[in-house]
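One structure is given here, and the rest of the page talks about it.
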Amino acid sequence: MPDAPARSEPPYRARLDAVRDTLAGLGVDALIVTHPPNLRYLGGFDGSLGALLVTSSECSLIVDGRYITIAKERAAASEGLRHLRVELAPRSIEEGIASEWARTKAAAVGVEGAVMTLDRFTRLQSLIPARFVTTERVVEAARMIKDHGEIEVMRQAARMLSAAALEALAAVRPGRSETEVALEVELALRRAGFSKPAFDTIVASGPHSALPHARPGTRVLTAGDGVVLDFGGVYDGYCVDLTRTVQLGPASGSFRRIFDAVREAHAAAIAVVRPGIAASAVDTAARDTLAARGLAEAFVHGTGHGLGLEVHEEPRVTRPGTARDEILRPGMIFTVEPGAYLPGVGGVRIEDDVLVTASGCEVLTSVPIDLEGDGAASGRHRGLGEEPAGD
Ligand code: GLY
Ligand code: MN
Ligand code: MN
């Protein structure tokens, strides 16, 4: 199992400065950060509950008694976190935020509109006599561009996911249920060094493969089934995500037709990734390819999503015309995962993770794309001690 790499310290100060610049542009004097991935990104805090109060000159981390010792130790041990005031909230995080606010008297206080609950917002409003402002994706915008250390971690995670994928594909055999295969996938993730799955593993066989986000069930894999395996892992806090579709022989012509179209769409989308284009152009490349094969209606989701501290983050790679369409920049990491789903026939999805580089992109995951699952076949015969799949 690979050790976590000896990472240089995350550039906390630069991250905070980027957030402060955005806040200044919005006319916001202080930002209350409560979204856990943002707490980790800005404050190195990975507990389940806490808050940051960020002003132009200070940053306070407010935690409860469960986390105070570790948060203080971490801040003391890290050059980039020495500026952090780590404060215990004896009664509630909201009261802790309010007492930190009282020191600053910030007039306009931003909250993270996408994650702040109404209940919490109401409590904060009752405790803090300031003007509240809803902000959108302030920290998320900074997180969208990965720094050197993050890229190294995600490269390593993608290598580990690719190795786990070969093991996972080898577990796809007739006679096994979807849940049994999902268990094998998750064992492979653990063996590869992931701390946990990045989301609920998808194993969708036969008619279930036509459901993009099917849950694994008791259905037993049989000859002729198409099988979609979609899984990911969390490594050092960062998520990677991969899908392969295989067919247990005998292959059918109709399934191969869908597979070939999705494989073409996946290649076409990756081929256009470079800085300066809109994320939606990647979606268009995939969508046009599928439309040319008569599968426009069968592609029922976006082409991809950003990856990082969350498995679904910015940038969204979807149709043009959405407010969240981003221009691609070096350092963005996202999935490319076109699919086509035909009820009664089956579905195909192929997913890889890409990094936008200065001149194009680097595909971080590396697993054969083969309907017969050649990657799986080589795994199958690598001493796992089971019968060949018979396909
Ligand atoms: N199943 C999660 C994803 O691929 O986005
Ligand atoms: Mn996926
Ligand atoms: Mn995905």
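Just so you know, ligand 1 is whichever comes first in the structure, and atom 1 is the first atom listed for that ligand.
Residues Val153 and Leu39 share a hydrophobic cluster, clusters being chains of Ile/Leu/Val/Met/Phe/Trp/Tyr side chains in contact below 4.5 Å. Both Phe199 and Leu229 belong to a common hydrophobic cluster when Ile, Leu, Val, Met, Phe, Trp and Tyr are linked at side-chain heavy-atom distances under 4.5 angstrom.
The ring pair (Phe, Tyr, Trp, His ring centres under 6.0 Å) check on Tyr67 picks up Phe45, with sequence neighbours excluded.
Of the listed residues (Leu307, Thr303, Leu328, Asp241), just one forms a side-chain contact (heavy atoms from CB on, under 4.5 Å) with Phe334, and that residue is Leu328.
Side-chain contact of Asp353 with Thr365: a donor-acceptor pair under 3.5 Å is absent, judged by distance alone. Side chain to side chain, Glu337 and His301 fail the donor-acceptor criterion of an N or O pair below 3.5 Å.
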Give the intermediate values and the outcome of side-chain contact (heavy atoms from CB on, under 4.5 Å) for residues Ser177 and Arg219.
CA-CA 5 Å; Ser177 70; Arg219 189 179 182 282; over 6 Å; no

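Contact check on Glu94 versus Arg120 returns a salt bridge, with a Lys/Arg side-chain nitrogen under 4.0 Å from an Asp/Glu carboxylate oxygen.
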One pair per line, please: each N/O atom of ligand 1 matched with every protein N/O atom under 3.5 Å away, atom names first, then the distance to 0.1 Å.
| unit_1 | atom_1 | unit_2 | atom_2 | d |
| --- | --- | --- | --- | --- |
| ligand 1 | 1 (N) | His213 | NE2 | 3.2 |
| ligand 1 | 1 (N) | Asp230 | OD2 | 3.0 |
| ligand 1 | 4 (O) | Asp230 | OD2 | 3.1 |
| ligand 1 | 4 (O) | Asp241 | OD1 | 3.4 |
| ligand 1 | 4 (O) | Asp241 | OD2 | 3.1 |
| ligand 1 | 4 (O) | Glu337 | OE1 | 3.1 |
| ligand 1 | 4 (O) | Glu351 | OE1 | 3.3 |
| ligand 1 | 4 (O) | Glu351 | OE2 | 3.3 |
| ligand 1 | 5 (O) | Asp241 | OD2 | 3.4 |
| ligand 1 | 5 (O) | His305 | NE2 | 2.9 |
| ligand 1 | 5 (O) | His312 | NE2 | 2.8 |
| ligand 1 | 5 (O) | Glu337 | OE2 | 3.4 |

Ignoring hydrogens and angles, write down the donor-acceptor pairs under 3.5 Å from the side chains of residues 206-216, residues two or more places apart or on other chains.
| unit_1 | atom_1 | unit_2 | atom_2 | d |
| --- | --- | --- | --- | --- |
| His208 | ND1 | Glu178 | OE1 | 3.4 |
| His208 | ND1 | Glu178 | OE2 | 2.9 |
| Ser209 | OG | Gly206 | O | 2.7 |
| Ser209 | OG | Gly347 | N | 2.9 |
| Arg215 | NH1 | Asp200 | OD2 | 3.4 |

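Taking a cut-off of 2.8 Å, the protein N, O or S atoms nearer than that to the Mn ion (ligand 3) are Asp241 OD2, His305 NE2, Glu337 OE2, Glu351 OE2.
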